[in-house]
Amino acid sequence: MLDVKIVRENTARVEESLRKRNYDLSILDRFLKIENERRELLRLIEGKREQRNKVSQEIAKLKREKKDVLSFLAEAKNISDFIAEKEERLKILEEEARQELLIIPNIPHESVPVGKNETENVEIRKWGIPKKLDCAPLNHWDIAAMLDIIDFDRASKIAGARFSLMKGMGAKLERALMNFMLDLNTSKGYKETLPPLLVNRESMTGTGQLPKFEMELFKTADPEFYLIPTAEVPVTNIHRDEILNESELPIYYTAYTPCFRREAGSYGKDTRGLIRQHQFNKVEIVKFVKPEDSYDELEKLTNDAEDILQRLDLPYRVIALCTGDLGFSSAKTYDIEVWLPGQQKYREISSCSNFEDFQARRANIRFKREGKKGTEFVHTINGSALAIGRTVVAILENYQQKDGSVMIPEALRKYMGVEVIR
RNA sequence: GGAGAGGUGGCCGAGCAGGUCGAAGGCGGCGGUUUGCUAAACCGUUGUAGGGGCCAAAACCUCUACCCAGGGUUCGAAUCCCUGCCUCUCCGCCA
């Protein structure tokens, strides 16, 4: 959520932001129209309330002196009736203004490249060289079928499309990756957490999934909970409605969780294999930082996610999302894309974003500076480190061998207990 | 699932036979006195948001709202009534 003051007093900046993101400018006009009416009405009501409070105090005084108050009662009643009527309208306006404000996206940072869509994202750096395989590269689902470590057919019997059943060394590979990633992240100062996978509406609104993206979420009926699409949601909400001390910052968390996504609107995309699932495992890293540090911290967080790929010796590149591809809540995002020989393409395996104070304002996460009056919103940053299903894909495809077996990356062997899956 | 207790400021905790209560007291924070230094003691100060005075800020003054949330009663609600949410205790059931 943007600062109402910025929207009101710095409208041009918000307009530019919407234009760069290819958003319809009408959402801004709608908001401003409602907001102006709301302010005007609020002034009127506050003036009337002042009147009423004065009369009420007068009544209290007269009563104490045992004097007659009848004429004042009638006057006060009139004012109260007037206020009650106007307040109804005010409530409607307040709710409307809030709803409009909640669907205005964050303002991209000045360093974000301007562009229409994902084709105009900018490559920042590349690491590693795709290995020359001594055979024609296979897709991970063919490799997995041959090794009998992922069973998509039975998964669809049990649940449906876009689910997977990991078996044997496949299941163990997922578990090994979780442990490897969590161990590495915690060694860098990220505190391990294991949060709820079902959350309430407030939490989803706090991080920006609601109200705009309801269609992308799974939801339980009674009682009503939302299944998390990423650990970002419960972990960022750890400090919702809190005031942190400056000395506590920065706070680093890491969390392994399953993630649940409807994937509505992605019919026909990545229908085979592990790339796009309704349920997948992910290790996330999240930071709460002071505003002046947030862009340095984003770079460091991105490096921390890259470190995992380097240790697994998987080639990747880092791209900066352009304004047209940037997520709703994000001010700046780096995607890390891993090389997949089976597709002969780089595919997203992590997304690292600085939300500045956009989530913090929605979720009301503030901090107090030492010796200073008042509070400020923290900046929140998070990234995948990493998406585990896609890491499995990358390992299967990059480490496949001519005989159909798959080597285990050096760093993972102590977690797997074997050097090769065959 | 059954029975009970409770949700007040950064924290703890009074107030709850409706009026001068934004709310006693304590802790913490900040400023000061004292001190070789530290501690202690003492004095003062200390909520958030929005609006107006002055739209260039800051300070100051002033108004409005906020005692879990939402409704209701009333001239007036932290206080009374209803609903919801959350927390805790006991019993039952359960991985």
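Everything numeric here is computed off the predicted structure, so don't read it as measured data. Worth knowing before you read on, the calculation uses all heavy atoms, side chains too, and leaves out hydrogens, waters and symmetry mates.
- Between A/Leu62 atom CG and B/G76 atom P there is a gap of 17 Å when expressed in whole angstrom units.
- A/Asn200 meets the side chain to side chain donor-acceptor pair (under 3.5 Å) test with A/Ser203; sequence neighbours excluded.
- For A/Glu65, the CD atom is densely surrounded, since the number of other residues' heavy atoms within 6.0 Å is greater than 12.
- A straight line from NZ of A/Lys63 to P of B/G18 spans 11 Å, rounded to a whole angstrom.
- Residue pairs meeting the ring pair (Phe, Tyr, Trp, His ring centres under 6.0 Å) criterion with at least one member in residues 217-245 of chain A, sequence neighbours excluded: A/Phe218-A/His278, A/His239-A/Tyr253, A/His239-A/Phe288.
- A straight line from CG of A/Leu73 to C1' of B/G18 spans 15 Å, rounded to a whole angstrom.
- RNA chain B is contacted by no residue of residues 286-293 of chain A, taking any non-hydrogen atom closer than 4.0 Å.
- Aromatic ring centroids of A/Phe163 and A/Phe152 lie 6.0 Å or more apart.
- Checking the phosphate oxygens (OP1, OP2) of B/G51, a side-chain nitrogen or oxygen of A/Arg39 falls inside 4.0 Å.
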Open item on the list: Counting primed atoms plus P, OP1 and OP2 as sugar-phosphate and everything else as base, spell out the protein contacts along nucleotides 53-59 of chain B at 4.0 Å heavy-atom distance: B, S or - for each nucleotide, 5' to 3'.
Closed with: -------
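- Separating the CG atom of A/Asp68 from the C1' atom of B/C75 is a distance of 14 Å, rounded to the nearest angstrom.
- For the side chain to side chain contact (heavy atoms under 4.5 Å, CB included) test, residues two or more places apart in sequence or in another chain that qualify with A/Glu348 are A/Asp335, A/Ser351, A/Arg390.
- For the pair A/Ser80 and B/G76, the criterion of a side-chain N or O lying under 4.0 Å from OP1 or OP2 is met.
- For A/Glu297, the salt bridge (charged side-chain N to carboxylate O under 4.0 Å, His left out) test picks out A/Lys287, A/Lys300, with sequence neighbours left out.
- Atom CZ in A/Phe377 sits about 13 Å away from atom P in B/U48, given to the nearest Å.
- The ring pair (Phe, Tyr, Trp, His ring centres under 6.0 Å) test applied to A/Tyr252 returns A/Tyr190, not counting sequence neighbours.
- With a 3.5 Å ceiling on both atom-pair distances, the Watson-Crick or G-U wobble partner of B/G4 is B/C88.
- A/Ala76 comes within contact range of the sugar-phosphate backbone alone, with a heavy-atom separation under 4.0 Å but no base atom that close.
- Per the geometry, CD belonging to A/Glu9 stands 12 Å off C1' belonging to B/G51, to the nearest Å.
- When rounded to the nearest whole Å, the span between CG of A/Asn78 and P of B/G76 equals 12 Å.
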Just distance, no hydrogens or angles: give the donor-acceptor pairs under 3.5 Å from side chains in residues 139-147 of chain A, sequence neighbours left out.
unit_1	atom_1	unit_2	atom_2	d
A/His140	ND1	A/Glu397	OE2	3.1
A/His140	NE2	A/Leu274	N	2.8

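- Backbone-only engagement by A/Arg8 is indicated by non-hydrogen atom pairs under 4.0 Å involving sugar-phosphate atoms exclusively.
- The distance between atom CD of A/Gln57 and atom C1' of B/G22, rounded to the nearest whole Å, is 14 Å.
- Each of B/G52, B/G19, B/C75 was ranked by its minimum atom distance to the side chain of A/Lys77; first place goes to B/C75.
- The partner of B/C30 is B/G44, by the rule that a Watson-Crick or G-U pair needs both atom distances under 3.5 Å.
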Open item on the list: Each nucleotide in nucleotides 64-73 of chain B should get exactly one letter: B, S or -. Can you fill that in based on protein heavy atoms under 4.0 Å?
Closed with: BS-----S--
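- Scored by the side chain to side chain donor-acceptor pair (under 3.5 Å) test, A/Lys48 finds no partners at all (sequence neighbours excluded).
- Among residues two or more places apart in sequence or in another chain, the side chain to side chain contact (heavy atoms under 4.5 Å, CB included) test is passed with A/Glu216 by A/Phe213.
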Please write out the pairs of protein N or O atoms and N or O atoms of nucleotides 7-13 of chain B separated by less than 3.5 Å, giving the distance to one decimal.
none

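- Nucleotide B/C93 forms no Watson-Crick or G-U wobble pair with any nucleotide shown, as no partner meets the under 3.5 Å limit on both distances.
- Nearest heavy atoms, A/Ile27 versus A/Ile103: CD1-O, 3.8 Å.
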